[in-house]
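Predicted model only: the values in this text are computed from it and were never measured.
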Amino acid sequence: MLTINLIILLTLLVTTLIMILSSVLSKKTIIDREKMSPFECGFDPKTSARLPFSLRFFLIAVIFLIFDVEITLILPLAHISSFTNVFSWSFTGLFFLLVLLFGLYYEWYKGALEWSN
């Protein structure tokens, strides 16, 4: 049992040393301005390589994604209507839709759906 533990410990030590050594050797040591700048056919870029990102577009995309996922969660309700009682099925569906509509109203009230200000 002791030999198995020693073999495991030795293997762990060797692999850790190999990982640390490969990490140190693989790092770039020379920082060159040309290599750090974006490539644009060999010329210096005239504008910034980082384009400004519209936060409004991101919020609209996230809201669309949320509603897209919600639709995939609502669609199976039609399939399970024959397996459950009508009250439970309709209560679950209406509650889900009300939470979804409340979230949409909240986003509208906060102005997240306004594209231009």
Is there a side-chain contact between Ile4 and Ile8 in this structure, where contact means two heavy atoms from C-beta onward sitting under 4.5 Å apart?
yes

d(Asp68 CG, Leu73 CG) to nearest 0.5 Å is 10.0 Å

Nearest 0.5 Å, what's the OG1-CG distance between Thr92 and Leu77?
7.0 Å

At what distance, to the nearest 0.5 angstrom, does CG of Leu100 lie from CD1 of Ile66?
9.0 Å

Could you tell me which non-hydrogen atom of Val69 sits nearest to which non-hydrogen atom of Thr72, and how far apart they are?
O-OG1, 2.5 Å

Atom CG in Leu13, atom CD1 in Ile18: separation rounded to 0.5 Å?
10.0 Å

Looking only at atom types and distance, does a side-chain atom of Thr11 sit under 3.5 Å from a main-chain N or O of Ile7, one as donor and one as acceptor?
yes

State the CG-CG distance between Leu104 and Leu97, to the nearest 0.5 angstrom.
11.5 Å

Going by ring-ring contact (aromatic ring centres under 6.0 Å, His included), name the pairs with one or both residues in residues 81-100, residues two or more places apart or in two chains.
His79-Phe83

Value rounded to 0.5 Å, distance of CG in Leu9 from CG in Leu2
10.5 Å

Quick check: is Trp108 connected to Ile63 through a chain of hydrophobic side chains (ILVMFWY, heavy atoms under 4.5 Å apart)?
yes

Transitively linked via ILVMFWY side-chain contacts under 4.5 Å: Phe67 with Phe58?
yes

